[in-house]
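Here's the structure, in structure tokens; my notes come after.
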2 protein chains.
Amino acid sequence: MATSKPKPAKADAASPSSRVELKERTRLRLIEPALTLIGQGRGYSSLSLREITREAGVVPAAFYRHFRDLDELGLALVEMGGVTLRHLLREARRDGLSPTDMLRTSVLIYKRYVEERSLVFRFLAGERGGGSPVIRQAIRTEESHFASEMAQDLRALGTLPDLSSPALHMICGLVVTTMLNAASDILDLPKGRPKQEQELVDNFVHQFRVVFLGARFWRER
Amino acid sequence: MATSKPKPAKADAASPSSRVELKERTRLRLIEPALTLIGQGRGYSSLSLREITREAGVVPAAFYRHFRDLDELGLALVEMGGVTLRHLLREARRDGLSPTDMLRTSVLIYKRYVEERSLVFRFLAGERGGGSPVIRQAIRTEESHFASEMAQDLRALGTLPDLSSPALHMICGLVVTTMLNAASDILDLPKGRPKQEQELVDNFVHQFRVVFLGARFWRER
DNA sequence: TAGTCCAGTAAACATGTGTTCACTCGGATA
DNA sequence: TATCCGAGTGAACACATGTTTACTGGACTA
């Protein structure tokens, strides 16, 4: 039940006092409901400007103070997704990897990470393949950066030391697509079905095992 | 420029004479523009009933003679996608696989197949992860069937004979997601850039090599 | 041949849509 | 203190949307 709130917006939340501060605040207030709506199973391309502004508690015209059109809002979402991915890598880097069963623990950590940021990942997983070409392209770029960083990290860790850089990048690409695929599956998990959950995690772990097994035996040429 | 065509619809195309024949025909005439619009880079969830009927040369109300709502149309598209996938497997089965460089030739065949049915694959790749939960779920089911059939075929061919059935299925799942991912990439290839095209095919081939390499060395437990 | 059925029509409905415009009114600045 | 700037307002616009309703006319069938 989407309740309409004709509240005056200004008086909302903590008063930001500063002007740029206010602008940034409302910008976020526009981004947030967009993400929420997508999280509720709506395609990005089906969102309407009025719907978003309504949910943000702002008049439609105010939208244009922040974005030229919906696509620009979409790109902001992609940017946010990119930040989320980078943050994930940063955390992984910090934690290092436990020697035993590290693949499984990585998967579990990833699962948790996805669930805690379900909206962003729903957006990424959803718009990655479809919808508007411009944002699909943007997501692809973020993915590529993510893969590059991951390759770099693996290199630094001494994992798969025999692989050439292109080969490593190619494998990281495979890992990334598998991850985002899994994200979609994770988010669609019905709650309170630990068996199904377990199955999904296992499947995910096994797939990764296969990939890294293949990577270990990879020979150039 | 979407030209509106207020043509009387009845007089369109070859006169179907039979009544059920007519109904089936218009049903297809509704499905077709939906696919086309999606192929033009529109998310499924952004399609409107009126847009579709307009493009089909039919009055909006006529839509309800064929589908309860847009979701039902979407499911018809998924069904069509499923048929396309099954057909792909059937072809692969018929052709068998040449012993030399069979992975690369498979990829090239697949690429061609995707390009020739670009609309269906754009739909599958696009709605697989996002948009409406109901059609996302439906696509997932088709994918799973596809993976099962593929596993069965590999079994019959004697490929990877040491793998248990669950393991084989899990690997086919990985292959399928990789394929559909690649479909999206293939469809976004800018025309007349053979270098980029070559790169993508190579990357795709290598990823598959990694997967099958991993599969060969897979041990249960 | 008379009668039924039903795919497609035409019109109307209540809403929802993107975009524009002149406006206000409070923080920033000189 | 007086001025300016610009984030957010409110109203209006010209359409587009989903759905319903009574209808028409040709293919079927008894």
Side-chain angles (χ1 to χ4, degrees), chain A residues 1-34 37 42-74 76 132, chain B residues 1-34 37 42-74 76 132:
Chain A
M1 49 158 182
T3 58
S4 60
K5 349 173 167 179
K7 58 175 80 167
K10 292 283 196 58
D12 218 349
S15 56
S17 64
S18 160
R19 203 138 90 163
V20 301
E21 206 175 324
L22 167 78
K23 176 152 192 184
E24 182 59 21
R25 202 184 215 47
T26 12
R27 190 185 132 96
L28 289 178
R29 292 212 334 203
L30 285 169
I31 288 183
E32 190 200 317
L37 288 168
R42 303 265 317 268
Y44 155 80
S45 59
S46 80
L47 300 186
S48 83
L49 184 150
R50 289 186 105 102
E51 197 176 13
I52 293 171
T53 55
R54 200 184 310 133
E55 216 64 25
V58 150
V59 98
F63 183 90
Y64 297 99
R65 298 271 180 221
H66 302 271
F67 307 101
R68 189 193 314 283
D69 51 24
L70 280 173
D71 263 351
E72 206 165 293
L73 200 239
S132 145
Chain B
M1 50 160 180
T3 57
S4 61
K5 348 173 170 178
K7 57 174 81 167
K10 291 286 195 57
D12 218 349
S15 56
S17 61
S18 161
R19 201 137 91 165
V20 301
E21 207 175 324
L22 167 78
K23 177 151 190 184
E24 182 58 19
R25 202 184 215 46
T26 9
R27 190 185 132 96
L28 289 179
R29 293 214 332 205
L30 285 168
I31 289 183
E32 191 200 316
L37 287 167
R42 303 266 316 268
Y44 155 80
S45 59
S46 80
L47 299 185
S48 84
L49 184 149
R50 288 186 104 101
E51 197 176 14
I52 292 171
T53 54
R54 199 185 310 132
E55 216 65 25
V58 149
V59 98
F63 182 91
Y64 297 99
R65 298 270 179 222
H66 301 270
F67 306 101
R68 191 193 314 281
D69 52 22
L70 279 172
D71 263 350
E72 206 165 292
L73 200 240
S132 146

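Naming: A, B, ... by sequence-line order, numbering from 1 per chain. Note that this is a predicted model, so its numbers are computed, not measured.
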Just how far, in rounded Å, is C1' of D:dT17 from CG of B:Leu70? 11 Å
Axis-to-axis angle across the helix from C:dT1-D:dA30 to C:dA30-D:dT1, five pairs an end, to 10 degrees? 20°
Return the value, rounded to whole Å, for the distance between atom CD of B:Glu72 and atom C1' of D:dT19. 16 Å
Between the protein and nucleotides 10-12 of chain C, list the N/O to N/O atom pairs that are separated by less than 3.5 angstrom.
none

Evaluate the side-chain proximity of A:Ile31 to A:Leu73: yes if any heavy-atom separation is below 4.5 Å, no if none is. yes
Expected rows: protein N/O vs nucleotides 28-30 of chain C N/O, under 3.5 Å:
unit_1, atom_1, unit_2, atom_2, d
C:dA28, OP1, A:Arg19, N, 3.3

Round to a whole Å and report the spacing from CG of B:Leu22 to C1' of D:dT24. 15 Å
With side-chain contact (heavy atoms from CB on, under 4.5 Å) as the test, would you mind laying out the steps for B:Lys23 and B:His66 before giving the verdict? CA-CA 8 Å; B:Lys23 177 151 190 184; B:His66 301 270; 3.7 Å; yes
Under the side-chain contact (heavy atoms from CB on, under 4.5 Å) criterion, do A:Val59 and A:Thr53 qualify, and how do the steps go? CA-CA 6 Å; A:Val59 98; A:Thr53 55; over 6 Å; no
Using whole Å, report how far CZ of B:Arg25 lies from P of D:dA27. 14 Å
Can you tell me the distance, in whole Å, between the CG atom of B:Leu30 and the P atom of C:dA7? 13 Å
Would the distance check show the side chain of A:Asp71 and the main-chain N or O of A:Gly74 forming a donor-acceptor pair, the cut-off being under 3.5 Å? no
Can you tell me if B:Arg68 uses its side chain to pair, donor with acceptor, with the backbone of B:Glu72 under 3.5 Å? no
Between A:Ser48 and C:dG16, is there a contact of a side-chain N or O with OP1 or OP2 at under 4.0 Å? no
Any chance you could lay out the side-chain contact (heavy atoms from CB on, under 4.5 Å) test for A:Arg27 and A:Phe67, step after step, and finish with the verdict? CA-CA 9 Å; A:Arg27 190 185 132 96; A:Phe67 307 101; 3.4 Å; yes
How many Å lie between CZ on A:Arg65 and P on C:dC23, as a whole number? 15 Å
When all nucleic acid strands are considered with a 4.0 Å heavy-atom cut-off, which category describes A:Phe63: base, sugar-phosphate, or nothing? nothing
